[in-house]
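The next block holds one structure in the form of structure tokens; read it before the comments.
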2 protein chains.
Amino acid sequence: MVTLKQVAARAGVSPATVSRVLSGAGQVQPEYRERVLRAAAELGYRPNRLASSLRRRKTEKIGIVVSDIENPHFTQMVRVVEDAAYHRGYRVLLCNTDELADKQRAYLHVLADERVEGVILAPADPAGAGIAELLGMGIPIVAFDRAVDDQRADAVVADNAGGARRATELLLDAGHTRIGFVGGREEIQTGRQRQAGYEDAMRRRQATAPSVEDGGFRIDGGEAATYRLLDADPRLSALVVANNLMAVGAFRALRARGLHVPDDVAFVTIDDPYWASLVDPPLTALAQPVDGMARAAVDLLFERIEGNRTTPRSVIFSFDLRLRASCGTATPRYQPPCLASPERQPALTLSTRPLPS
Amino acid sequence: MVTLKQVAARAGVSPATVSRVLSGAGQVQPEYRERVLRAAAELGYRPNRLASSLRRRKTEKIGIVVSDIENPHFTQMVRVVEDAAYHRGYRVLLCNTDELADKQRAYLHVLADERVEGVILAPADPAGAGIAELLGMGIPIVAFDRAVDDQRADAVVADNAGGARRATELLLDAGHTRIGFVGGREEIQTGRQRQAGYEDAMRRRQATAPSVEDGGFRIDGGEAATYRLLDADPRLSALVVANNLMAVGAFRALRARGLHVPDDVAFVTIDDPYWASLVDPPLTALAQPVDGMARAAVDLLFERIEGNRTTPRSVIFSFDLRLRASCGTATPRYQPPCLASPERQPALTLSTRPLPS
DNA sequence: CTGAAAGCGCTTACAG
DNA sequence: CTGAAAGCGCTTACAG
């Protein structure tokens, strides 16, 4: 492997001069510059960033830790973050925890050892061991999608309770009373809040007792949870599903039972994946403004990296209703509260206080 | 940031001893070991992998370069590769080129500079500048999904021509003659081969002249290409779509024109995303065995990394037909050639010869 | 503008 | 089994 020293020898200058030319820092005589550039090109020199990072004590690397790389919600975030990081000269180490606390801890250690300058974390385990360690080492963390327990981290989350409440009210307004909830991992803030929103709506309207099953935010889990809900209440007439992957599972379960959507079971989902309008019937969905959330996360992270802010900040985004056929609310008496402003205009709330969980 | 030297001072031993304890290499007196471990824990020491990698000349890192991180086809691959790498103690640097040759070159340079030990590359540009440089530096590359021009790289690809031919024949067998093809990036092997398979089938059966539009492997492009095909031939009765994202676009275009699938336009797509069976009508698809392909790619890469193989190898996987309603071949006279073996059993072909493009 | 020298934080022959 | 020393490949005050 060609080193900077070899380039220096070939160009007949000192290593310091080569470094100056290649890094663009400091003045170098045009002739030397030329010679260095030529020597580097002839040798096919590629600088060793390990050495450079070690010396400069800057890695220009950030970590992204997601709980499920196959969830398009996270993929979309990864795309935006990767792009923004690239334009700032940063690279991305991607980690997938598969919703496992152990893997999260292991990966956070890896990122610490790699001396990444910051981490965007969609936590599988909000109390996870690695979190405090990284923050203690001065590595900023922005929690994405789900807050973490440690108050020093920033957070970008959606108004999960509000979104789930609205999804539930949509079905209540359409006259449903027996509404089930396919939830996700109650130990995770997202799951807990969405469930709370659902239960809150049910309670306020004095509907039947809430009926909740945990689908673990996965396709298979969502399918199994739906079966359990259907078995528990044969008269169930509507379903709120807490994320897009479980919506796939719920759909499969309803089809397998020969239940028609929305006539037999009406259906609202949280998240609006790109295929939602193609399924039969098209899915009524509460969409998170993922791109905006991802950009907010990157901005928060780089504020920390650049040392422009030290107090924790949380950003909450609201959901956007996409009314389609699956909720069966085409009944005339129902006036959807959101159709007035169909444009994507997420209400952005900034708070300097950490979020309550 | 705590260093190994500080741990040594606290434990009252030399840095060498600390290194031996923490790396597990070499014998250390139990008492010393104990003291080192305690000191490291008390200080919250995290080893600096930059320094370690620099010294050992091993980074235990691989790069994955995909052309579209939002394409579930690649996401699924990333998941499998990441998991396999993790279990071998390797980390993954993820790069997204957005189908841009420039970004691919930039990223391959980044990966070279990071001294990754190998790269899995779904090329946006098969002749891209960075490829030869990496191979020249001794960094192995496994081309995924699409081969690269450089003969020194390994490759894991699908039998694209065969898959597209089969998709087309399925529609020809059902009696269609005016079949359009929504293709993707003819300059990419995948796109070229799939188009060749379609044209080959059309020619053999003496159907109408092939009708091809390029959708660039993206949703929007697929939608626009479908409009162009419909405009070019109002009597078009069937469509072969060359990947899953363009299928979304084609679907949207057909709906927007009020065309019913499969009665007005029958429809077969290449790739079988998880939502394919939920859309209306369910999509007939030719599926690639992505998990198997990803595992093959990892295996090929680590054979190289571990120095167990030096001659290039290509692995070709065949497609698996998933017959559903969108192709409208439920007509009794049609006997699907694949339903006999519905289990996923990809025929695996090993060749030591690089693939022809 | 240029170079010699020190040092980033590790690991690993080498000598004892 | 243990430590002193050299070195991985860079960068950057420092002196000239």
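A, B, ... follow the sequence lines: proteins, then strands. Residue 1 opens every chain.
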* Please state the P separation for the pair C/dA6 and C/dT2 - nearest whole angstrom. => 23 Å
* List the protein contact pattern of nucleotides 3-10 of chain C with one symbol per nucleotide (5' to 3'): B for base contact, S for sugar-phosphate-only contact, - for none; contact means a heavy-atom distance under 4.0 Å. => BB-BBBBB
* **Qualifying residues under side-chain hydrogen bond (donor to acceptor under 3.5 Å, both in side chains), relative to A/T75, sequence neighbours excluded** => none
* Going by heavy atoms in the side chains, are A/S19 and A/R55 under 4.5 Å from each other? -> no
* Expressed as a whole number of Å, how far does the P atom of C/dA5 sit from that of C/dC1? -> 23 Å
* To do: Name all residues meeting the side-chain hydrogen bond (donor to acceptor under 3.5 Å, both in side chains) criterion together with B/R91; count only those two or more places apart in sequence or in a different chain, and write none if there are none.
  => none
* To do: Take the protein atom CZ of A/R33 and the nucleotide atom C1' of C/dC1, then report the distance between them rounded to whole Å.
  => 11 Å
* Gap in Å between the two P atoms, one belonging to C/dT11 and one to C/dA15, rounded -> 22 Å
* Asked: Taking 4.0 angstrom as the limit, do B/D299 and B/R309 come out as a salt bridge?
  -> no
* Asked: Salt bridge or not for B/R35 and B/E31, using N-O below 4.0 Å?
  -> yes
* Structure fact -> Base-paired stretches in DNA chain C with three or more consecutive Watson-Crick or G-U pairs, both distances under 3.5 Å, amount to C:1-3 with D:14-16, C:5-12 with D:5-12, C:14-16 with D:1-3
* To do: Output all residues satisfying side-chain hydrogen bond (donor to acceptor under 3.5 Å, both in side chains) with B/D125, sequence neighbours left out; order by chain, then residue number.
  => none
* **Side-chain N,O (B/Q29) to OP1/OP2 (D/dC1) below 4.0 Å** => no
* What residues, two or more places apart in sequence or in another chain, satisfy side-chain hydrogen bond (donor to acceptor under 3.5 Å, both in side chains) together with B/R33? -> none
* Could you tell me whether B/K103 sits above the aromatic face of A/Y86, with NZ or CZ closer than 6.0 angstrom to the six-membered ring centre and within 45 degrees of the axis? => yes
